[in-house]
There are 2 protein chains.
Amino acid sequence: MATSRGYHHGDLRAALIGAALAAAEAGGPEAVSLRDLAQSLGVSTAAPYRHFPDRRALLAEVAALGFRELEQAYARAQADAPDARAALRETARAYLTLAFGRPGLFRMMFAGDLVDAADAPASLLSAAREAWEGLYRAVAAADPGADLAEVKRRAITGWSTLHGFIVLVQGGRLKGFMTEPLTEAELLEAVLEKTLTAN
Amino acid sequence: MATSRGYHHGDLRAALIGAALAAAEAGGPEAVSLRDLAQSLGVSTAAPYRHFPDRRALLAEVAALGFRELEQAYARAQADAPDARAALRETARAYLTLAFGRPGLFRMMFAGDLVDAADAPASLLSAAREAWEGLYRAVAAADPGADLAEVKRRAITGWSTLHGFIVLVQGGRLKGFMTEPLTEAELLEAVLEKTLTAN
DNA sequence: GTCGCAATGTAAGCGATGCTTACAAAAGGA
DNA sequence: TCCTTTTGTAAGCATCGCTTACATTGCGAC
């Protein structure tokens with residue numbers, strides 16, 4: 001799985017991001033150990049610190065990857081949709097798809113002390129911002145009559161509905177008797193419906 | 001701050017839960033260190049393990065406390081309301097109040113590997129369940145005509161809206177240009193409105 | 001080409017964490 | 001009063017993030 005491998009690794013930085021992504025997809029942010037990554041890449045435990053000031057900086061890079069992927073999913077959804085209303089629906093669905101399709105990465109993107117930190121890297125901030133703007137544009141396009149405040153209100157409350165559902169499901173809060181006669185697929189459609197409802 | 005203090009502490013278990021609660025309110029779940037708690041209570045680092053099998057079991061007890069508090073807040077809100085519709089609104093508001101008033105405790109309650117764990121203590125599971133039922137009852141009472149599936153749909157999507165907003169705010173996702181002309185108070189009312197909207 | 005510097009890697013160790021094991025003290029019932 | 005159970009302690013293991021001092025190497029200036 002590795003070539004030659006002299007004293008220098010070649011591209012340890014990229015390798016670390018890749019390995020961290022894999023670890024995160026498997027077990028979420030807390031499953032990423034710098035020591036493990038270093039060992040699996042055949043490198044000393046101090047080597048990662050040549051490329052990242054600390055652990056969170058590496059995680060932030062992975063999270064940025066996730067936001068870029070989300071933004072691209074938004075773009076695809078909007079390009080493929082027949083009209084603005086459908087585009088909004090598919091944008092919301094893309095959010096759910098990323099969250100449930102790659103839960104570890106999704107948890108990394110919202111890991112709390114990554115984006116909302118004084119030392120958050122610019123790559124993460126801009127990626128997160130672009131993803132937000134992809135969502136925002138879809139809401140604005142679907143309701144051309146709405147003013148700025150109204151669009152933001154709808155974008156934020158809709159995002160809240162999507163995000164809350166994901167967090168509750170992933171936290172195991174919606175199980176058994178709580179959902180009783182409803183399947184997860186039905187719930188997902190209900191959430192999508194509420195997300196799109198402009199109250 | 002302590003009396004006599006012989007070899008035995010007196011009620012170390014309760015003291016640990018109290019200290020953990022205080023630490024959690026200050027800095028969330030990850031700010032709770034068993035060693036710190038033990039030291040602050042003047043006890044050895046191994047002593048806590050006489051009362052809790054591991055760290056998560058202690059955190060679970062604190063989370064259970066939070067759910068009991070939430071359930072009581074629900075009960076108060078519903079008792080004070082003039083009608084079922086208002087009761088539902090105040091129930092939702094109670095959720096927001098707990099979340100924003102005691103963010104550390106709230107984060108503990110939804111700390112991911114506490115409720116949704118094979119070894120979750122019964123005290124936590126029942127407390128979480130009762131809180132859910134408090135919310136569920138408010139939704140059912142507000143719409144007497146709705147069938148079981150519809151009530152659950154509304155309860156879950158409404159809860160998602162509330163919860164998602166809280167998580168996004170606490171994660172620092174709604175800052176600056178994202179909310180631009182809206183204040184947090186306005187957003188909170190918008191979220192409340194969307195929560196109550198039966199789509 | 002070669003020489004020197006900046007970039008990148010290593011070895012060793014610090015301090016903190018959760019948790020375990022073997023032992024000591026004390027509380028409380030027979 | 002004794003003896004069992006409960007509750008505490010001391011010491012130490014493994015892991016983690018991170019730091020420091022040093023080793024190696026690639027690469028650009030001459």
Side-chain angles (χ1 to χ4, degrees), chain A residues 2-20 22-24 26-63 108 111-114 117-121, chain B residues 2-20 22-24 26-63 108 111-114 117-121:
Chain A
T3 59
S4 62
R5 193 55 41 76
Y7 187 94
H8 287 88
H9 176 278
D11 195 350
L12 182 55
R13 184 187 157 87
L16 281 167
I17 294 177
E30 64 277 358
V32 179
S33 149
L34 284 206
R35 293 178 111 100
D36 281 356
L37 297 186
Q39 190 180 11
S40 80
L41 295 174
V43 112
S44 83
T45 66
Y49 293 91
R50 289 288 155 190
H51 299 276
F52 301 95
D54 55 27
R55 176 175 178 273
R56 286 177 46 244
L58 169 56
L59 299 192
E61 226 52 58
V62 175
M108 182 75 89
D113 56 343
L114 257 37
D119 62 340
Chain B
T3 58
S4 61
R5 191 57 44 75
Y7 188 93
H8 287 86
H9 177 278
D11 195 352
L12 182 56
R13 185 188 157 87
L16 281 167
I17 294 177
E30 65 277 357
V32 179
S33 148
L34 285 205
R35 292 178 110 99
D36 281 356
L37 297 186
Q39 189 180 13
S40 81
L41 294 174
V43 111
S44 83
T45 66
Y49 293 91
R50 288 287 155 189
H51 300 275
F52 301 96
D54 55 27
R55 176 176 179 272
R56 287 178 44 246
L58 170 55
L59 299 193
E61 227 52 57
V62 175
M108 183 75 89
D113 57 342
L114 257 38
D119 61 341

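In this text the structure is predicted, and so the values were computed from the model without any measurement. Letters A, B, ... are given to chains in the order of the sequence lines, protein chains preceding strands, and every chain is numbered from 1.
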**Request:** Report the distance from atom CG of B/Leu16 to atom P of C/dG18, rounded to the nearest whole Å.
**Result:** 12 Å

**Complete:** Closest non-hydrogen atoms of B/Ala111 and B/Leu114, given as atom of the first, atom of the second and distance, are CB-CD2, 3.9 Å

**Asked** Which heavy-atom pair separates A/Pro48 from A/Val43 by the least distance, and what is that distance?
**Response** CD-CG1, 4.4 Å

**Asked** Rounded to whole angstrom units, what separation is found between the CG atom of A/Leu12 and the P atom of D/dG26?
**Response** 15 Å

**Asked** Near DNA chain D, under 4.0 Å by heavy atom, which residues of residues 52-62 of chain B?
**Response** none

**Request:** Provide the full list of side-chain hydrogen bond (donor to acceptor under 3.5 Å, both in side chains) pairs with a residue in residues 28-54 of chain B, sequence neighbours left out, each pair given once.
**Result:** B/Glu30-B/Arg107

**Message:** Rounded to whole Å, please give me the gap between CD in B/Gln39 and C1' in C/dT17.
**Reply:** 14 Å

**Message:** Are there runs of at least three consecutive Watson-Crick or G-U pairs touching DNA chain D, with each pair's two distances under 3.5 angstrom? Give them by first number.
**Reply:** C:1-30 with D:1-30

**Asked** OP1 or OP2 of D/dC16 sitting under 4.0 Å from any side-chain N/O of A/Ser33?
**Response** yes

Every protein N/O within reach of nucleotides 13-15 of chain C N/O, cut-off under 3.5 Å:
none

**Asked** For the pair made of CD in A/Glu30 and P in D/dG17, what is the distance, rounded to whole Å?
**Response** 12 Å

What pairs of donor and acceptor atoms, side-chain ones from residues 55-62 of chain A against any protein atom, are under 3.5 angstrom apart with sequence neighbours left out?
from: A/Arg55; atom 1: NE; to: A/Val32; atom 2: O; distance (Å): 3.1
from: A/Arg55; atom 1: NH2; to: A/Pro29; atom 2: O; distance (Å): 3.0
from: A/Arg55; atom 1: NH2; to: A/Val32; atom 2: O; distance (Å): 3.0
from: A/Arg56; atom 1: NE; to: A/Asp113; atom 2: O; distance (Å): 3.1
from: A/Arg56; atom 1: NH2; to: A/Asp113; atom 2: O; distance (Å): 2.7
from: A/Arg56; atom 1: NH2; to: A/Asp119; atom 2: OD1; distance (Å): 3.3
from: A/Glu61; atom 1: OE2; to: A/Ser123; atom 2: OG; distance (Å): 2.7

**Request:** Can you tell me the distance, in whole Å, between the CG atom of B/Leu34 and the P atom of C/dC19?
**Result:** 6 Å

**Message:** Quick check for you: among C/dC19, C/dG9, D/dT9, whose closest atom lies nearest to any side-chain atom of B/Tyr49?
**Reply:** C/dC19

**Distance in angstrom units between B/Arg50 CZ and C/dA25 C1', rounded** = 12 Å

**Message:** Please pick, from D/dG8, C/dT20, C/dA11, the nucleotide with the shortest atom-to-atom distance to any side-chain atom of A/Ala46.
**Reply:** C/dA11

**Request:** Verify the contact: side-chain N or O of B/His51 to OP1 or OP2 of D/dG8, cut-off strictly under 4.0 Å; return yes or no.
**Result:** yes

**Message:** Within the 4.0 Å heavy-atom criterion, would you say B/Asp11 contacts the bases, only the backbone, or no part of the nucleic acid?
**Reply:** nothing

